[in-house]
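Working notes, structure below.
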Amino acid sequence: MHSSGGASPGSSTSGRAILLALDLTDASVNAAQWAMHEFYRKGDTFHLVHVARILAPQLTIHHQYHATYNVPDPRPPMDERAFVERLKEDIREKFTRPMDGYGMPHNLHLFLDTDNAPASAVCTTVFKVAEQVDAAVVVLAAHGRGQEGGHDPWGAYLGSVADYATRNSKRPVLVVRNYTPPLVLHVSRSRG
């Protein structure tokens, strides 16, 4: 796990801990923008959780004659350190830099998992962090095809991770489907 940002992981603040379960999609950026513009209060701390599903799963074959074979991964080996650094930069660009601009404290929690990790495994990691930071809410993006022309005409499908989280979390879960941040105009009230 890697942490960074405005507040240290164990620090106590007077505000709430808001957990953002994120990936690098536009839907996740929109969910983060919603949390920043509509949910955040001064004193709150964001905890950004990203589970990168990149590691090759271990494949083992059990033969009927009581022999076991480990099958090597056919893909070339990955430089995990370089991957994590690129990932941190992408998250910085899309999520933490805007939070820094607004003065919103945040911590980043990165985890690596196998590339075939199911939604339940991703959510188990998210739920553990939510417990550790005592999150007031878990915010996720909907990744379903609820828009026109999709497979879900009523917009009820959330995506596998959001669906699992809404059904199994012990903490409140807020799923953001579409959000456009407000246009903010700064008006001076000086007398002149």
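Position 1 is the first residue of the sequence, and the numbers go up from there.
- Smallest separation of non-hydrogen atoms from Ala162 and Ala141: CB-O, 3.9 Å.
- The closest donor-acceptor contact from the side chain of His50 to the backbone of Leu22 lies under 3.5 Å.
- Residue Asp44 is tested with Arg16, Met104, His106 for a side chain to side chain contact (heavy atoms under 4.5 Å, CB included); the sole match is Arg16.
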Exercise for the section: Step by step, work out the side-chain contact (heavy atoms from CB on, under 4.5 Å) result for Val129 and Phe111. Expected result: CA-CA 11 Å; Val129 175; Phe111 300 90; 3.7 Å; yes

Handout entry: Lys88 vs Glu85, salt bridge (Lys or Arg N to Asp or Glu O under 4.0 Å): CA-CA, chis, key distance, verdict
Key = CA-CA 5 Å; Lys88 287 166 72 175; Glu85 289 306 313; 3.8 Å; yes

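- Taking all atoms of both residues into account, the shortest heavy-atom contact from Leu20 to Ala35 is CD2-CB, 3.8 Å.
- Remark: Asp163 engages Arg167 in a salt bridge, criterion side-chain N to carboxylate O under 4.0 Å.
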Practice task
Please lay out, stage by stage, how Leu174 and Trp34 fare under the test side-chain contact (heavy atoms from CB on, under 4.5 Å).
Solution key: CA-CA 11 Å; Leu174 195 145; Trp34 178 89; 3.5 Å; yes

Exercise for the section: Evaluate the criterion side-chain contact (heavy atoms from CB on, under 4.5 Å) for residue pair Thr45 and Ile18; output intermediate values, then yes/no. Expected result: CA-CA 6 Å; Thr45 300; Ile18 302 168; over 6 Å; no

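- Rounding to the nearest 0.5 Å gives a distance of 9.5 Å between CG of Leu48 and CG of Leu110.
- Within a 6.0 Å sphere centred on CZ of Arg97, other residues, nucleotides and ligands contribute more than 12 heavy atoms.
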Practice task
Dump the intermediate steps for side-chain contact (heavy atoms from CB on, under 4.5 Å) on Cys123 and Asn168, then the final yes or no.
Solution key: CA-CA 9 Å; Cys123 286; Asn168 296 284; over 6 Å; no

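- A side-chain donor-acceptor contact under 3.5 Å links Lys94 to the backbone of Leu24.
- A salt bridge links Asp134 and Arg171; the closest N-O separation between the charged side-chain nitrogens and carboxylate oxygens is under 4.0 Å.
- Salt-bridge check for Arg92 with Glu89: passed, with a basic side-chain N closer than 4.0 Å to an acidic carboxylate O.
- Formation of a donor-acceptor pair under 3.5 Å by the Ser169 side chain with backbone atoms of Ala165 is not found in this model.
- For the atom pair NE2 of His37 and OG1 of Thr180, the computed distance is 10.5 Å after rounding to the nearest 0.5 Å.
- Counting heavy atoms of neighbouring residues, nucleotides and ligands inside a 6.0 Å radius, atom CG of Asp26 does not exceed 12 of them.
- Counting heavy atoms from C-beta on, the side chains of Asn30 and Gln33 come closer than 4.5 Å.
- Applying the side-chain contact (heavy atoms from CB on, under 4.5 Å) criterion to Thr25, with sequence neighbours excluded, gives Asp23, Ala27, Ser28, His143.
- Taking the six-membered ring wherever Trp is involved, the centroid distance between the rings of Phe46 and Tyr40 falls below 6.0 Å.
- Leu140 is listed as a side-chain neighbour of Val173, based on a closest heavy-atom distance under 4.5 Å.
- Between Ala130 and Val138, the shortest heavy-atom contact is CB-CG2, 4.1 Å.
- For the pair Lys170 and Phe127, the minimum side-chain heavy-atom distance is 4.5 Å or more.
- Between Leu19 and Val139, the closest side-chain pair of non-hydrogen atoms is not below 4.5 Å.
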